[in-house]
Amino acid sequence: MRTAEHYFTVPLDHFNAAPGKEDAAETITVFAREYVSADHSEAAAEQLPWLLYLQGGPGGRGNRLMSLGGWSKAAAKDFRILMLDQRGTGLSSPIDRNTLPARGDAAAQARYLEHFRADSIVADAELVRRALGSEPWSIYGQSYGGFCALTYLSFAPEGLREVLITGGLAPLTGSAERVYRETFKRVAARNAEYFGWYPEDRATVDRIARHLRSTDEFLPGGERLTVERFQMAGAFLGGNTRVDGLHNLLEDAFVDTPRGARLSDSFLEQLRSLVSRAGNPLYALMHESIYGQGSATDWAAWRVLREFPEFSPDAPELLLTGEMVYPWYFEQDQALRPLKEVAGLLAAKPDWKPLYDPLRLAANTVPAAAAVYTDDIYVERGLSLETAAAVRGLQVWESADFHHDGIADDGEAIFGRLLGMVRSVRD
């Protein structure tokens with residue numbers, strides 16, 4: 001493959017850039033990397049249409065491809081792939097505990113972060129499209145990237161040729177609480193399925209919980225491992241084949257030492273990468289805001305958790321959690337501690353702007369297709385199908401063969417199927 005790097009200067013505030021406004025003249029940098037198959041000559045590649053890939057998250061930078069494989073191999077046959085670092089991630093004016101203080105106090109930081117949601121990402125994408133001289137282009141949104149694709153269809157459909165979405169049909173209306181109630185149910189079912197496959201891990205998980213309640217264990221870097229942080233290992237449950245990685249993690253959790261049984265360094269090191277948000281702090285800061293439209297989210301997952309005591313860290317048979325974000329993240333994760341106050345302000349923000357236009361989506365004319373995974377623990381099936389029914393012309397392929405990370409298992413076939421669906425309509 002061949003690659004090229006692109007840097008773009010974009011307004012911090014696309015929507016209120018008027019004389020006298022505080023953010024009127026301020027700009028940030030947005031980065032994207034172009035991938036082209038070496039099967040195309042340079043001259044032929046320049047004639048290929050663009051495919052913009054919108055990464056999951058929020059807070060995830062664009063994939064750094066080492067080679068073309070899976071969905072990218074399929075896409076590179078017909079497209080120049082543009083891998084976007086969404087604003088605040090990767091090389092796009094990155095945000096973390098070290099950069100945010102430059103904005104001022106917590107209130108100023110919160111005002112800054114209001115410009116890092118899907119509406120601004122879509123506005124960036126349209127500016128990038130025009131800068132590249134592209135006609136309406138194709139976009140592919142995975143997970144949160146699918147949420148962004150729905151925002152794109154809502155506010156800038158004139159920039160779109162066709163839309164592909166995998167595991168990313170966001171609810172268009174309703175509260176964040178509604179989302180998390182369904183998510184907790186789905187995660188509980190996935191726990192039951194997992195422990196049915198690996199009954200010996202039921203005992204191991206409970207042993208680890210008992211051990212952590214009575215014995216201090218520390219992650220590399222010095223942070224104490226609590227029961228609730230250990231529950232974050234449930235991130236494995238969202239995978240199709242990745243779920244088996246949870247068993248691999250648990251099988252050597254303990255070692256015998258002169259002080260008795262302790263958690264092994266190997267286990268603690270593997271767990272550290274799962275329970276820290278050092279690599280993507282925007283995920284913790286902005287996650288609930290992706291459901292915020294017109295009202296405060298107010299730590300919705302934390303409040304809904306009380307309706308599901310089986311997920312309590314004190315539960316006799318511990319369940320592992322999914323992608324929920326809780327306020328204690330900003331106490332226990334050293335990468336997030338300096339961001340505790342700004343996180344609280346974002347959770348309390350009462351006037352998040354709408355991210356979707358239901359009327360425009362109901363009149364959609366852009367060919368679109370989405371993969372909905374029946375047992376997805378991150379983007380719930382029922383809510384996804386509800387959204388699909390509200391977008392005119394959106395074709396749905398539902399599959400029980402994959403989970404949220406389906407494109408990691410058979411991305412080439414999934415991409416090809418969705419592309420065929422939209423092409424059958426457009427052609």
Side-chain angles (χ1 to χ4, degrees), residues 51 53-57 60 62-63 65 68-77 81 83 138-150 162-171 179 182-198 233-249 274 320-324 368-389 391 394-424:
L51 173 75
Y53 181 73
L54 296 168
Q55 172 67 292
N63 293 338
L65 301 180
L68 295 174
W71 75 264
S72 64
K73 179 181 178 181
K77 295 174 183 177
I81 300 170
M83 189 71 67
S138 306
I139 64 171
Y140 176 22
Q142 156 66 13
S143 188
Y144 175 64
F147 290 32
C148 294
L150 290 169
E162 57 202 2
V163 174
L164 312 180
I165 296 172
T166 49
L169 289 179
V179 172
E182 296 305 316
T183 302
F184 275 115
K185 295 173 188 176
R186 189 72 69 178
V187 176
R190 186 63 163 164
N191 271 266
E193 184 177 37
Y194 176 81
F195 290 122
W197 295 331
Y198 294 107
F236 278 111
L237 298 175
N240 196 46
T241 55
R242 184 172 177 264
V243 66
D244 299 299
L246 178 57
H247 177 69
N248 297 335
L249 170 71
L274 291 173
L320 304 176
T321 57
E323 65 171 5
M324 304 77 160
V372 173
Y373 305 126
T374 303
D375 300 309
D376 195 331
I377 70 168
Y378 295 134
V379 182
E380 203 274 333
R381 170 191 179 272
L383 298 180
S384 295
L385 295 179
E386 177 184 290
T387 293
V391 181
L394 175 62
Q395 301 180 77
V396 171
W397 168 54
E398 182 178 350
S399 174
D401 293 333
F402 301 100
H403 281 259
H404 192 69
D405 63 349
I407 60 170
D409 291 315
D410 198 1
E412 189 169 0
I414 292 171
F415 180 89
R417 180 167 187 149
L418 295 179
L419 185 63
M421 290 166 68
V422 296
R423 293 286 168 89
S424 68

Which pair of heavy atoms, one from [X] and one from [Y], lies closest together, and at what distance?
X	Y	value
Thr374	Arg381	O-CB, 3.5 Å
Gly234	Ile377	O-CD1, 4.4 Å
Ala233	Leu249	CB-CD2, 4.3 Å
Phe415	Ala74	CD2-CB, 3.9 Å
Ile81	Ala75	CD1-CB, 3.9 Å
Met324	Val187	CE-CG2, 4.1 Å

>> Between Lys185 and Glu380, does any NZ, NE, NH1 or NH2 come within less than 4.0 Å of an OD or OE carboxylate oxygen?
In response: no

Euclidean distance, [Y] [atom2] relative to [X] [atom1], rounded to 0.5 Å:
X	Y	atom1	atom2	answer
Arg417	Trp397	CZ	CH2	5.0 Å
Leu65	Tyr53	CG	OH	9.0 Å
Ile139	Glu162	CD1	CD	10.0 Å
Asp376	Arg186	CG	CZ	8.0 Å
Leu169	Ser143	CG	OG	11.0 Å
Met421	Leu394	CE	CG	8.0 Å

> Do Thr166 and Tyr140 pass the side chain to side chain donor-acceptor pair (under 3.5 Å) test, and can you show the C-alpha distance, the side-chain angles, and the key distance before you say yes or no?
Replying inline: CA-CA 8 Å; Thr166 49; Tyr140 176 22; 3.1 Å; yes

> Sub-3.5 Å donor-acceptor pair from the side chain of Tyr378 to the main-chain atoms of His403, do we have one?
Replying inline: no

>> Donor-acceptor pair, distance only, cut-off 3.5 Å: does the side chain of Asp410 make one with the backbone of Gly406?
In response: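 Not a single qualifying donor-acceptor pair exists.
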
Side chains of [X] and [Y] in contact at under 4.5 Å (non-hydrogen atoms):
X	Y	result
Asn191	Leu320	yes
Tyr194	His247	yes
Leu51	Trp71	yes

Which atom pairs, donor and acceptor, lie under 3.5 Å between side-chain atoms of residues 235-246 and protein residues at least two apart or in another chain?
from: Asn240; atom 1: ND2; to: Asp401; atom 2: O; distance (Å): 3.3
from: Asn240; atom 1: ND2; to: Asp409; atom 2: OD2; distance (Å): 3.4
from: Thr241; atom 1: OG1; to: Asp409; atom 2: OD1; distance (Å): 2.8
from: Arg242; atom 1: NH1; to: Ala235; atom 2: O; distance (Å): 2.9
from: Asp244; atom 1: OD1; to: Tyr198; atom 2: OH; distance (Å): 2.9

> Given Leu385 and Glu398, is the side chain to side chain contact (heavy atoms under 4.5 Å, CB included) satisfied, shown in steps?
Replying inline: CA-CA 9 Å; Leu385 295 179; Glu398 182 178 350; 3.9 Å; yes

